[in-house]
Amino acid sequence: MYEHQKIEQKWQEYWQEHQTFAASNNSKKPKSYLLVEFPYPSGAGLHVGHVRSYTALDTLARKRRMEGHNVLFPIGWDAFGAPAEQYAIKNHIHPKDAVKANIKTFKKQIEELGISFDWNREFSTTDPEYYKWTQWQFLKFYEHGMAYKAKKNINWCPTCKTGLSNEDSAGGVCERCGSQVYQKEKEQWLLRMSDYAEDLIQGLDDTNFSDRVKIGQINWIGKSKGAEIDFKIGDENLTVYTTRPDTIYGVTFMVIAPEHPLIEKLSSKITNMDEIKKYQEFAKTKSELERTELSKEKTGVEIKGIKAINPVTQKEIPIWTADYVMMGYGTGAIMAVPAHDSRDYEFANKFNIDIIPVIEGDTLPYTGDGKYINSDILNGMTNKDEAVHKMIDYLEKNKIGRPKVNYRLQDWIFSRQRFWGEPIPLINCPNCGWVEVPEKDLPVRLPDVANYEPTDDGESPLAGIDEWVNTTCPKCGGKAKRETDTMPNWAGSSWYWLRYMDAHNDQEFVSKEALNYWGKVDWYDGGMEHVARHLLYARFWNQFLYNIGLVPNKEPFDKRTLHGMILGPDGEKMSKSKGNVINPHSIVEEFGADALRVYEMFIGDYEKDAAWSTNGLKGCKRFLDRVWKIGEKLNDKQGYQNEVLVNQTIKKVSDDIENIKYNTAVSALMILLNNYEDEESITRDEYRTLLHLLNPFAPHITEELNEKYSLGKPLCESNWPKYDETKIENDNYELVFQVNGKVRGKMEVAKETSKQEMEKLAKENENVKKFIEGKEIVKIITIPGRLVNIVVK
RNA sequence: GCUUGUGUGGCGGAAUUGGUAGACGCGCACGACUCAAAAUCGUGUGGCAUUAGCCGUGUGGGUUCGAUUCCCACCACGAGCACCA
C-alpha cells in the first residue's frame, strides 16, 4: 500500500536534524518528566515487551509536546551486572566490548521504532563518567554511617559464585540462574536500608502509585506491631518478640533459633549439649539442601537443664530449639502458644507439650476473637485489641516488656564478588583502616584484564589482580589494598533518573538547577517484576539523598504504572527454548514501525498480559493502509461534516492517552475512519485531525500524509487538536423503553424532551403496550437522556 | 497457608462507574473483483428459537424498577511471599 521503510527513515532523519525531541533545562513551558525503565542491553536484542512500554510513554510524550510541554523522555543502558557478564564470558569477549556491541544493536532497534527519546542524554551505567558518581554517592552513604562492612551469613549462589541480596534470592533460589542458594559466612558491605523501613512506608502517601504498587511495597517491607517480652533464665534474659502478648497465659514452651547465641552462653548449664549440637548441624544442612522441600514436618530438640520463667505467671517453661524459628527475624526466639498459633500447635502435638487455651473457641488452634479465659487480668474480655493493649501496659509497668514494631525488610547486602560492577571506592590500610578514595581520584576504574570470570574461593576476580589491588593509603601514604568487591547491578539503576536531568555534568552528579527544574519524575512506567526490588532500592537511595540535602524531593517518582507482559502466540512467556519469540526488528521490516506501535497499543488493557497475534497486527496494518488510502477522497473544503463525532474523538483520544487506555484510543480512531469511509469525500480539516490524533501512535505515516496533501506544518510542530465542548453531544438520542427492566422499544428523541413527554412516548409505543396491557402500573422510572422503565404487576 | 490480581462470544477485548452487554479488532460465513488464488471491497456474525420471543458477563444467593458493575458465600486460573512469631 505504501512504502513504510522509506517513510519511516525519512521522518526519523527529520526529527534527528531538527532535534525535535531534545528537552530544554530552562524553559517557561510546563515540564513533563516521563520515564521508562532503562534496559539491560542483552545479547538477545530488543523484546516486543520493551516496545510496549516505550511506545506507551512515547505516545504520551509526543502528545504532551504538541500540547506545549517541555518533555524529558530519556533513555540509557543498565549494563552492569550478571547478565552482561555472563554473556561476555559465554562469548569470550570483554564485558566492556560485549556491552558496546549490544548497546549498538539495541539503539538501532529502538531508533527504527521512532521512539521520541532525547538521545542527547543517553548514557550507560558502565560509563566511567557515570559510575564515578555512583561511587561518589556510595561514599556519601559511607560518610553518613549508612554503609558498613560486617561478617554476615549471606545468600551465596554456587553457580554465579557471588553473594546475593535477600531480594535477589527470594525463595532460597538465585534470581538469575535458579540455583539453590545457601548461607555462607562472609564479610560484606551493607547499606542500612532497614533504618528506612518506616519512611519507605510513609513516603508512599506522597506518591500517586496505584494500590497494587503500594501494596507490593508495603508487603515487602513487612511491618508488624507487637511486643518484646523478657523471660528470665536464671540470671540471663531471653527476649522474645510476639504480636500476641495477650496470649501470654497460654505459653507452654519457648523456642529459640538453632543459631541463637544463648545456647553457646549457657552451654555449661545445658545437660544435653551433644544432642543440641547435632541438631544445629542438622538445621544447617537442612537449610542448604531441603529448604524448598514441601515436607515441613516440625523438628526440634528440648534444651535440658535450663528453664525460662514466664514473667507474668512466674511459671517454669521448658525451652526448645527448632528451625521454624529464624534468627533473622525478631529476636530469634518466641514464646509458643500452641492453643492459638498453628505452627506452635503442630509442634506441641508432635512433641506432646501442654496446650492451654486462653481464648474460647471450638477448634484448635483457635485464632479468631473470643472471650479470654485462664488469663487472670484479661479474663472476661472479648476484644483482642483491648486485651493486647492491656497486656502491653502491664508489661511496661512491670518492666518486663515493651511495645515493639518489627520489619521484614533487612539491610541491603551491597557487595558482589564479581568483575562487572562498580568497584567499591574504599581502600583498606593496615594503619588507618577503611579509607575513602578521594573524590579527585574517582572513578575507581575497572582494569582491562583478560580474566574476569568468577572464582571458586568466594573472592572477587579483582582480588587476583595485584597491580590493581595494591595501592597507597590516601591518608598515611603507606601500603594499602583496594576493596575488591563490586556493587550489585541495582546500584546504577538507583539514581539514573537523576542523571538524565543533567547527563553530561562532570562537576556534580547532577546540578541543583537541573534538580529543581525537573523535580520528580512525573510518570514512571515499568514492569511488575521491579516493584519489589528496584522501586524499593531507588526510593531508599533517593530518600537518603534527600535527607543529606542532595535532592529536593523525598520521593523520586510521582506516578508509577505497570505494563503487562507480551506473551508468545501460544499464550506462554516468550523464550528461546519455547521458540515463541517475536523479534521487533523483523516485524518492523515486514509491517513497519507504525503498524507494530499501533498494534501493541491496541492489543488490550495496558496493565494486563496479552498474547501476540500476527493477525491482530495485520488488522492494524490494514487500518493504516486505509488511513493512507482515504487521502484520495480529500476535497477542498474545511470544517467537519460530523462535528459531534470528530469532537468526541478528540476528547476521547486525549483523555485515553492520559489514562493509559491506549486500546480504546486506537479503537476511537478506527471508528472515526470508518465514519470517514462512509462519506462521499472528506474535508482537509477532517483528514488533518485524524492524522494528528493518530500521530502519537503512528508518527511516520501521519507526518508523511500531512506533508503529501499539504495539510499544514509538520504535526510534531503543531498544536494538539482541541475539542469544542459545545459540540460533543448530539441533539438527539435513542430513548430506551423498558418494562420491568427489560428493553421493549427504542426511539430517537430530541435531547430536551421532558420527563412527561418521555413517559407519554413510552406508553404509546406499540411493543410496550403489549407488555403493559391489562396490568397495573406500579411506578414509572424516568431517567432523562436515557430511558423510561415502566414497572407493572 | 497468607497477600494480590483476573474470570464477559470461537479469540484479543469494550461498556459513560447502577441504566440498551458484546464497541473496536481478529477469526469465520456468504457475495463482488479474478481464469484462479492472494490482496481489496461489501454483507452478516453471542446462543437457542426464528414474526415481535427466551437465555446469556465463572457458580449460588442477596439488595434494586433495573446488576458485568454493589453485598455475602463458593469455584477456577495466574502472580508474589512463604514456618516472619
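Source: prediction; values computed, not measured. Throughout, a chain's letter reflects where its sequence line sits, starting with A, and its residues are numbered from 1.
With sequence neighbours left out, the side-chain contact (heavy atoms from CB on, under 4.5 Å) criterion links A/Glu677 to A/Arg626, A/Ile630, A/Leu673, A/Asn674.
Residue A/Glu734 is in base contact, counting any heavy-atom pair closer than 4.0 Å across all strands shown. When heavy atoms are screened at a 4.0 angstrom cut-off, A/Gly619 is found touching the sugar-phosphate backbone but no base atom.
As rounded to whole Å, 13 Å separates atom C1' of B/U64 from atom CG of A/Asn740. The separation between A/Arg533 atom CZ and B/G80 atom C1' is 10 Å, rounded to whole Å. Rounded to a whole Å, the CG atom of A/Leu567 is 12 Å from the C1' atom of B/A79.
Stem analysis of RNA chain B (at least three stacked-register Watson-Crick or G-U pairs, each with both distances under 3.5 Å) gives B:1-7 with B:75-81, B:10-12 with B:24-26, B:27-32 with B:40-45, B:46-48 with B:53-55, B:58-62 with B:70-74.
Going from the C1' atom of B/U45 to that of B/G9 covers 10 Å, rounded to whole Å. A gap of 35 Å separates the C1' atoms of B/G1 and B/G12, to the nearest Å. Distance noted for atom C1' between B/A14 and B/G7: 16 Å (whole Å). For the P atoms, the distance linking B/A52 with B/U4 amounts to 48 Å, nearest Å.
Annotation: proximity of residues 656-675 of chain A to RNA chain B (heavy atom, distance under 4.0 Å) is found for A/Lys661, A/Asn663, A/Thr664, A/Ser667, A/Met670, A/Ile671, A/Asn674, numbered in ascending order.
Applying the 90° criterion around 0 to the glycosidic angle, B/G22 comes out anti.
Under the 30°/60° scheme for interplanar angles, the aromatic rings of A/Phe347 and A/Phe351 are found to be tilted.
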What's touching nucleotides 50-56 of chain B from the protein side, N or O pairs under 3.5 Å?
| from | atom 1 | to | atom 2 | distance (Å) |
| --- | --- | --- | --- | --- |
| B/A52 | O2' | A/Lys770 | NZ | 3.2 |
| B/C54 | OP1 | A/Arg744 | NH2 | 3.4 |
| B/C54 | OP2 | A/Arg744 | NH1 | 3.2 |
| B/C55 | OP2 | A/Lys742 | NZ | 3.1 |

Distances under 3.5 Å only, N/O to N/O: pair up the protein atoms with those of nucleotides 5-12 of chain B.
| from | atom 1 | to | atom 2 | distance (Å) |
| --- | --- | --- | --- | --- |
| B/G12 | O2' | A/Ile603 | O | 2.6 |

Taking only N/O atoms, report every protein-nucleotides 27-29 of chain B pair under 3.5 Å with atom names and distance.
| from | atom 1 | to | atom 2 | distance (Å) |
| --- | --- | --- | --- | --- |
| B/G27 | OP1 | A/Asn615 | OD1 | 3.4 |

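With a 4.5 Å cut-off on side-chain heavy atoms, A/Lys746 and A/Leu735 do not count as touching.
Look at A/Lys779 and you'll find a side-chain N or O under 4.0 angstrom from OP1 or OP2 of B/C65. In terms of phosphate contacts, A/Tyr241 brings no side-chain nitrogen or oxygen within less than 4.0 Å of OP1 or OP2 of B/A85.
Salt-bridge annotation for A/Glu228 and A/Arg402: present, with a side-chain N of the basic residue lying under 4.0 Å from a carboxylate O of the acidic one.
Results of the side-chain hydrogen bond (donor to acceptor under 3.5 Å, both in side chains) test with A/Thr782 over A/Gln756, A/Lys755, A/Glu759 single out A/Glu759 as the only residue that passes.
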